[in-house]
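Note sheet for the following structure.
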Number of protein chains: 2
Amino acid sequence: MTREIKKPEIRKNEIINAARKFFYQKGYEQTSIQDIINDLGIAKGTFYHYFTSKIDLLDKLTDQTTNEIYVSLKPIVESDMNAIDKFNAIFKAASTMKMANIDVFVVIIKVLFKDENTIIREKMYRNSIKKTTPLYSTIIKQGIAEGVFDVQSPDDVAEILIQIGTNLNETICRLFLAERKDPDHLVRTMVNKLKIYQDTIERILAAPKGSIQFYIPGEYENMVREFYKKIKEDV
Amino acid sequence: MTREIKKPEIRKNEIINAARKFFYQKGYEQTSIQDIINDLGIAKGTFYHYFTSKIDLLDKLTDQTTNEIYVSLKPIVESDMNAIDKFNAIFKAASTMKMANIDVFVVIIKVLFKDENTIIREKMYRNSIKKTTPLYSTIIKQGIAEGVFDVQSPDDVAEILIQIGTNLNETICRLFLAERKDPDHLVRTMVNKLKIYQDTIERILAAPKGSIQFYIPGEYENMVREFYKKIKEDV
DNA sequence: TAAGATAGACCGACCGTCGGTCTAAGGAGA
DNA sequence: TCTCCTTAGACCGACGGTCGGTCTATCTTA
């Protein structure tokens, strides 16, 4: 076979990107290394020259992904907003990002939330705790200084908040994936869940009632309806 | 080979129990079906007569396990204690159960918290949410009636509490597994974590400050030290 | 500047293991 | 004896991973 030599960094990224494509479309277990190397036209040996194992590849992939999230969050944390606005801005940013890439996201969550892909979600989750806890901790400290939050241990609470945020995200995704005939009912449960989580987070932070505003009336319902449509569309 | 015929229920349970033994000692991926059938002295065909796949076996196993937890929780919920005492009793029961089977538990968490076994934890977690949410919901409603809790949606909050409880459990297990030279430091971080979680749960339930008492001074420290010793002992 | 040497990117045949399938046959009850 | 459920284990294809070896860009040295 023709032999093409590339800069190691390039090759490595090519492999990671191909892996991302397959993992998000077929899942981790369902993707074979053969899939990846066929797609790139490289040999088995080349793959194992760059990665020690299949799980090593997943590690590198999730590292990279979590890092992208970190980079997108950082400017918000470093902006001159007040603590409460920063929290709300982060949620808002996550929503708009998903809406902007809605087609991709629909495919991804359909695959990601299958049993066999628990490991991808778990790795992402563990990684983001490690990476983003300091960011949330910073906001919490700021909020304490501003007199709007009241917690004892910002670091620990930051971790708990990420846990809860992840749970919220999972709950929402699973609601989307659940079989539903009635979009109106879905919208209602969705809004309820979101309000409960808002309230929970406010309580944990001892933030003023109504300050955490993930739910924006009208806007959120539209988002839910659009997602619902997309999810029902394909297969 | 001599052919032994058993009641289907017996066979099925034998297989599940053998699976439990291996899964808890080697993990899910690391246990082959061959391991299980060798151990029982049965053939591949027999296994696939009772289970459709390896993951089906795990499903049945986690179902059974979650059910055992449910059965152990139910009497507490149905007792005549007040809501706060019930919450504390559940935590207490979980602790004493672990202490009673400490040797088994040490082995289990060492294996369960490896990356490759995420799927077992996840299945247990999803199952217990499905199974035990009503139990917690009942306690929350009782607490509201007693005027000690204040939440809007008991069902949703119950789910969030289980999530947080699971996170607490995971955090604690991971602290044990983390490399530590200094047990005193471990005890201190552990107690801190527990207090933070207590406080968080109180806030979510709007329960009186200090009512949730997972941490029992003296007693808890001893437990931690004993666990620490056991964990460091083997390998 | 040209020849030789080195590093490391790349190749693909090969291996052991594993989950799962299939067919034959034993055994219990009719 | 017939029949149906249970048990048996040979067999299969796919997969993750290894390994011996090749090829090429760059560096060294005369």
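The sequence lines fix the lettering, A, B, ..., with proteins before strands; numbering per chain opens at 1.
At dA9(C), one or more side-chain N or O atoms of His49(A) fall inside 4.0 Å of OP1 or OP2 (strictly under the cut-off). Checking the phosphate oxygens (OP1, OP2) of dA14(D), no side-chain nitrogen or oxygen of Ser32(A) falls inside 4.0 Å. Of the side-chain N and O atoms in Arg11(A), one or more sit less than 4.0 angstrom from OP1 or OP2 of dC10(C). Tyr50(A) has a side-chain polar atom (N or O) that falls below the 4.0 Å cut-off from OP1 or OP2 of dC10(C).
Below the 3.5 angstrom threshold, one finds no donor paired with an acceptor across the side chain of Lys54(B) and the base of dG20(C).
Residue Glu29(A) contributes atom CD, which lies 15 Å from atom P of dC18(C) at whole-angstrom precision. Tyr48(A) has its OH atom 17 Å from the P atom of dG20(D), to the nearest Å. Residue Ile36(A) contributes atom CD1, which lies 13 Å from atom C1' of dC15(D) at whole-angstrom precision. The interatomic distance linking Asn38(A) (CG) with dC15(D) (P) rounds to 10 Å, in whole Å. For the pair Ile37(A) CD1 and dC15(D) C1', the interatomic distance rounds to 11 Å; values are reported in whole Å. Taking atom NZ of Lys26(B) as the reference point, atom C1' of dC18(C) lies 12 Å away to the nearest angstrom. Lys44(B) has its NZ atom 12 Å from the C1' atom of dA8(D), to the nearest Å. Separating the CG atom of Leu57(A) from the P atom of dG17(D) is a distance of 10 Å, rounded to the nearest angstrom.
Here the straight-line distance linking atom CD1 of Ile162(B) with atom OG of Ser137(B) works out to 9.5 Å at 0.5 Å rounding.
Closest of all the heavy-atom pairs between Lys110(A) and Ile231(A) is NZ-O, 3.1 Å.
Taking the ring centre of Tyr70(B) as origin, the terminal cationic atom of Lys131(B) falls inside the region bounded by 6.0 Å and 45° from the ring axis. Under the 6.0 Å distance and 45° angle rule, Lys54(A) counts as a cation-pi partner of Tyr28(A).
Using bins of under 30°, 30° to 60° and over 60° for the plane-to-plane angle, the ring pair Phe214(B)/Phe91(B) lands in the parallel bin.
Along DNA chain D, the nucleotide nearest to Gln30(A) and the one nearest to Thr52(A) differ in position, and the one closer to the 5' end is contacted by Gln30(A).
The nucleotide whose nearest atom lies closest to any side-chain atom of Thr46(B) is, among dT18(D), dA9(C), dA8(D), dA8(D).
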